[in-house]
Amino acid sequence: MGISTFSGLQTTLRGLLAQQRALDVTSHNVANASTAGYSRQEAVLGASPALKIPAGAVQSGAGAQLGTGVDVLSYRRMRDGFLDLQFRAQAMRLGGLAAQVRGLEQVEVALAEPGENGIAAQLGEFWSGWGTLVNAPENQATRQALVERGRGLAASLATLDSQLVAAAEQASAEYTALTGPAGEVGLIAGEIAKLNEAIRSSLSSGAAPNDLYDRRDQLLDQLSGLAQVAVTDLGDGTLEVAFGDAAVPLVAGTTVTWPQALSEPKGKLGALLALTGPAGTVAAYRAELDTFAQELADSVNALHTSGGGPAFFSYVPGAAASTLAVAVGAAEVQTSATPAVGANDLAVAIAGLRNGAADQAYARFVSRVGTDMSEARRGEENAQSLVLAVQERRESVSGVSLDEEMTNLVRFQRGYQASARAMTTLDEALDVLINRTGRVGI
Amino acid sequence: MSTRITDSMVSRTILRDLNIADRRLSQTQRQLSSGKQLTRPSDDPFAVGRAMRLRSELEATRQYRRNVDDGTGWATATEAALSRISDIVQRARELLIDGGNDSNGPVAREAIATEIDALTESLKQEGNATYGGRYVFAGTATETTPYAIGGADTFAGNTATVVRTIGDGVSIAINVDARGLLGDGQGAADNRLLDVMRDIAENLRGGTPADAEALRGTDLARLDANLDELTRVRAVVGASANRLQSAGTRLDELEESSLDLLSRVEDVDMAAALVKFSTQKSAYESALHAGASIVQTSLIDFLR
């Protein structure tokens, strides 16, 4: 069997088409250089199946194979799945720590420590109020000033407590908004399910839907900031996505199961849950604040009532910080166990409570908030830099480098030009064959 | 495969570095403008705990200082009253020696007795000395007049101690026992000043040889004993005043050193912060400069 006269033309045509495809891919890459989540693509070229030439084709009498040019084997998406896993693990950490920092920041700002307006300063003034009363127990104005300072301190405690409650409520509202029917989790899950469907049908018709893969990976990245995400390939191009510690996978193929109850989902949702709730950080802070308020009230009351007088502070046990109030008027402030107006033994004792158990309880509370906050912030910075490092590595594999694309552009353009040139040469050869052969002497 | 560096990596890196430099710069700027290096508990939880403790100690020191000031005022008022009492008793002693002379007739003795009566009332007046509206000799019954002027000589206050706290657990008594000095008058026959003064006036008016004998003998001896007691009490008050003064000096020093410590914990070292600021500023400018020149060029500029 001979070889067609025109097979050379076919070979150059393949070359032209393949280079054109490669140029198209390059243009696609350049166009998407700044698209978030885009992975660069590559036209994989390979030699097309050779023509078999039967025995006797070469000098030795054996058969041979004649190359037929080039084909685009596939359009490859440059992506490293392992880096995606790493990125999602770090994004989950970062999401959690960032949410924790934002929640704690609210608490910290509410404290207003160290400063002239914090509770520590007001507590100092309260003790000084007793100190001044020691100097002038018979003075009504001094008593009134003390009562006012006590009231101011109680009001500040109640305000701080309500700000803690507000911080917890805000975190809880954010959790509800994220996990609700119209929340981010539900929307992302729905979109992933739709993409699963589109990818499956696209694969069954034989085409690799690279851009759909990119979109799905980006959604998984977003989801991993919210909670722990585990992805399983179901084999037909669809994914099963396990979310946090939800009982049923969030997405299985094209099915979405949401909302579901989460207890320790990690990520942002995990941090929000850890802030709120009866065993949450804010609840622990409030308990410490209550301990402080109770310590303050009890230590003052114990001395204040020791002469048979009324209690100075009143509070509801278990909610001391929010219910602390001064229970006496200026005239009922007890300065002494004896009836003499100038006696000050109780006032001396109460003024001596400064820097005692109550002050220490408050200092412990502030120090705990500060330590939690600085740890969370350090963790956030650390997670941030890890996320960036993984992102860099992923970008290094999947990102579009314009310099590279320009080089490719030149390469494929030259390839196209050369193929066209080869075709011209063949055409000229055929011209001689077809138009001039056998016309000698005409 | 070597690491590929893409354009978005370059721009992201530049952006991140600029952000970091900017954040550091604004942090230093905040420290410089506020003068504080601690603005939140998380800046340095340990230092903030220390600052809170120092602030609280400072507040206590200031309160002790106020207590000392009040105590000093009280002691000064007491001392002034005791000094005047001392003068009155000295005058009474002169009159007593004068009145003990047999050369004085009844009229002259009556005149002396009248002056002694007036001096006795003055003594009670001094016993009612006040500081800031409070009777300094009334013990803790500071709003009760100790002696009724023109009335009975009985002491209406109490003998409880008035104390001021001048340090952690350190208290000092600032009042004196007026009853031990002036006493409850003739009715009590307690040999205190009022009792003796009333006896002297009575003996002057009596005119019998026994009265004259008493004036020269027992009355003079009892008055001198009271003068000794007065001197002792004045020494005690003087000692407390000294103690208050030295406590005040010590508290002033303590306040100063606490302020110094607090400033070292809380405040920014301006010189160091300024040096840091200019270093960070030049780092920021270099980052801007490098970023601007890297982002500008690419292969596109060189392809025909």
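Taken to the nearest 0.5 Å, the CD atom of A:Glu404 stands 11.0 Å off from the CG atom of B:Leu299. Note that CG of B:Asp168 is 7.0 Å distant from CG of A:Asn355, once rounded to the nearest 0.5 Å. The distance from the OG1 atom of B:Thr13 to the CG atom of A:Leu388 is 8.5 Å, given to the nearest 0.5 Å. Note that OG1 of A:Thr407 and CG of B:Leu303 are 7.5 Å apart. Values are rounded to the nearest 0.5 Å. Rounding to the nearest 0.5 Å places CZ of B:Arg134 at 5.0 Å from CD of A:Glu138. For the atom pair A:Trp130 CH2 and B:Gln63 CD, the distance stands at 12.5 Å (nearest 0.5 Å).
The greatest number of non-hydrogen atom pairs below 4.5 Å with chain B, out of A:Arg354, A:Met406, A:Glu392, A:Arg364, is found for A:Arg354. If you tally non-hydrogen atom pairs under 4.5 Å between each of B:Ser56, B:Ser11, B:Gly49 and chain A, the highest count goes to B:Ser56. Most heavy-atom pairs under 4.5 Å with chain B: of the set A:Asp359, A:Thr132, A:Leu111, this distinction falls to A:Thr132. No other option in A:Leu409, A:Leu402, A:Thr371 has as many heavy-atom pairs under 4.5 Å with chain B as A:Leu402. Residue with the most contacts toward chain A among B:Asp7, B:Thr140, B:Thr142: B:Thr140 (heavy-atom pairs, distance under 4.5 Å).
Of the two parts of B:Asn158, only the side chain, counted from C-beta on, holds a non-hydrogen atom closer than 4.5 Å to a non-hydrogen atom of chain A. Residue B:Thr39 touches chain A through its backbone alone, counting heavy-atom pairs closer than 4.5 Å. Heavy atoms closer than 4.5 Å to chain B are found in both the backbone and the side chain of A:Ala136. In this structure, the portions of B:Ala60 lying under 4.5 Å from any heavy atom of chain A include both its backbone and its side chain. Using a 4.5 Å cut-off between heavy atoms, A:Glu375 does not touch chain B at all. Neither the backbone nor the side chain of A:Glu405 has a heavy atom closer than 4.5 Å to any heavy atom of chain B. At a 4.5 Å heavy-atom cutoff, the contact between B:Asn67 and chain A is made by backbone and side-chain atoms alike. Only the backbone of B:Ile5 has a heavy atom closer than 4.5 Å to any heavy atom of chain A. Interface remark: B:Glu57 contributes backbone and side-chain atoms alike to the contact with chain A (heavy atom separation under 4.5 Å). With a threshold of 4.5 angstrom between heavy atoms, B:Met9 approaches chain A through its backbone and through its side chain. For B:Val10, no part lies near chain A; criterion is any non-hydrogen pair under 4.5 Å.
A salt bridge links B:Arg55 to A:Glu116: one of the charged nitrogens lies within less than 4.0 Å of a carboxylate oxygen. Residues B:Arg12 and A:Glu395 are paired through a salt bridge, judged by an N-O separation under 4.0 Å between the basic side chain and the carboxylate.
Minimum interatomic distance between A:Pro114 and B:Leu38 (heavy atoms only, all atoms of both residues): CG-O, 4.1 Å. Of all non-hydrogen atoms in A:Ser367 and B:Pro45, the two that sit nearest each other are O-CB, 4.2 Å.
Between B:Arg164 and A:Val348, every side-chain heavy-atom pair lies at or beyond the 4.5 Å cut-off. Between B:Arg40 and A:Glu105, some side-chain heavy-atom pair lies under the 4.5 Å cut-off. Counting heavy atoms from C-beta on, the side chains of B:Thr6 and A:Val400 never come closer than 4.5 Å.
Formation of a donor-acceptor pair under 3.5 Å by the A:Arg377 side chain with backbone atoms of B:Ser42 is not found in this model. In terms of modelled atom types and a separation under 3.5 Å, the side chain of A:Ser396 and the main chain of B:Arg4 share a donor-acceptor contact.
Residue B:Asp301 places its CG atom among more than 12 non-hydrogen atoms of other residues, nucleotides or ligands, all under 6.0 Å distant. Heavy-atom neighbours of B:Arg16 CZ from other residues, nucleotides or ligands within 6.0 Å: above the threshold of 12. More than 12 heavy atoms of other residues, nucleotides or ligands lie within 6.0 Å of CD in A:Gln417, so this atom counts as buried by the packing criterion. Remark: A:Gln140 CD is packed, more than 12 non-hydrogen atoms of other residues, nucleotides or ligands lying under 6.0 Å away.
B:Pro41 pairs with exactly one of A:Asp372, A:Val369, A:Val366 by the side chain to side chain contact (heavy atoms under 4.5 Å, CB included) rule, that one being A:Val366.
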| field | Audit row: B:Arg53, A:Gln360, side chain to side chain contact (heavy atoms under 4.5 Å, CB included) steps and yes/no | value | CA-CA 9 Å; B:Arg53 175 87 202 176; A:Gln360 281 163 22; 4.1 Å; yes
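Evaluation of the salt bridge (charged side-chain N to carboxylate O under 4.0 Å, His left out) test over residues 30-39 of chain A, restricted to residues two or more places apart or in two chains, returns none.
Counting only N and O atoms by type, the side chains of B:Arg62 and A:Ser128 include no donor and acceptor under 3.5 Å apart. No side-chain N or O of B:Arg66 forms a donor-acceptor pair with one of A:Asn135 less than 3.5 Å apart.
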